[in-house]
Amino acid sequence: MRTHVRAAESQFCWRLASELWKSFDWKKAKKDLFRLQKRVFKAVRDGDIGKARSLQKLIMKSRAAQMMAIRQVTQLNQGKKTAGVDGVKSMDYYERIKLAKRLQKEGNNWKHSGLREIPIPKKNGKTRILKVPTLADRAWQCKREIRTRTSP
């Protein structure tokens, strides 16, 4: 009996996450982020560093920045199927929403996971090491990059 209830609950959570992800207004989020980034640019141009920092904090806390970062890392990037040290190659809707909540909660005190090291042979016979972060770490990095991208 309990397993049926848990299965139903998890299926409900997955459907809810699916609807949340699919119904998210990406155009509005992109527009809102661009507007905030423009305000940061103007504040920096005018020399008001305090205002620029507070606007950057606002970007870091925004739902739009979190969702855009997760979308960029899990759907749009060329290396979206590259697994990090945790072995996760892709995320379903529920995992994306969970990651968005985690970014919201731990955004300021983010602890990076380890890096996966992949040896790549060079033409001269030597190898170089490619270090790949986890999807969650890439999403956090993308969110930070969105915050610092200020030129309109």
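Note that the numbering runs from 1 along the sequence shown for the chain. Just so you know, these numbers come straight off a predicted model, no measurement behind them. Keep in mind that the numbers below use all heavy atoms, side chains included, and drop hydrogens, waters and symmetry copies.
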Can you list the steps and then say if K143 with M68 is a side chain to side chain contact (heavy atoms under 4.5 Å, CB included)? CA-CA 8 Å; K143 185 177 159 188; M68 293 295 283; over 6 Å; no
Closest contact, heavy atoms only, [X] versus [Y]:
| X | Y | result |
| --- | --- | --- |
| M67 | I97 | CE-CD1, 4.1 Å |
| A139 | I70 | CB-CG1, 4.2 Å |
| P121 | P119 | CD-O, 4.0 Å |

What about I120 and V132, same hydrophobic cluster or not, with Ile/Leu/Val/Met/Phe/Trp/Tyr joined at side-chain heavy-atom distances under 4.5 Å? yes
Which atom pairs, donor and acceptor, lie under 3.5 Å between side-chain atoms of residues 24-33 and protein residues at least two apart or in another chain?
{"unit_1": "D25", "atom_1": "OD1", "unit_2": "K28", "atom_2": "N", "d": "3.4"}
{"unit_1": "K28", "atom_1": "NZ", "unit_2": "D32", "atom_2": "OD2", "d": "3.0"}

Atom [atom1] of [X] and atom [atom2] of [Y]: how far apart are they, to the nearest 0.5 Å?
| X | Y | atom1 | atom2 | value |
| --- | --- | --- | --- | --- |
| L99 | W140 | CG | CH2 | 13.0 Å |
| Q66 | I59 | CD | CD1 | 12.5 Å |
| C142 | R71 | SG | CZ | 11.5 Å |

Polar side-chain atom of Q37 near backbone of I146 as donor-acceptor pair, under 3.5 Å: yes
Spell out, as yes or no, whether a donor-acceptor pair under 3.5 Å connects the side chain of R138 to the backbone of P133. yes
List the atom pairs, with distances to 0.1 Å, where a side-chain N or O of residues 44-51 and a protein N or O form a donor-acceptor pair under 3.5 Å, not counting sequence neighbours.
{"unit_1": "D48", "atom_1": "OD1", "unit_2": "K51", "atom_2": "N", "d": "3.4"}

Among all residues two or more places apart in sequence or in another chain, which pass the side-chain hydrogen bond (donor to acceptor under 3.5 Å, both in side chains) test with Q141?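 Applying side-chain hydrogen bond (donor to acceptor under 3.5 Å, both in side chains) to Q141 gives none.
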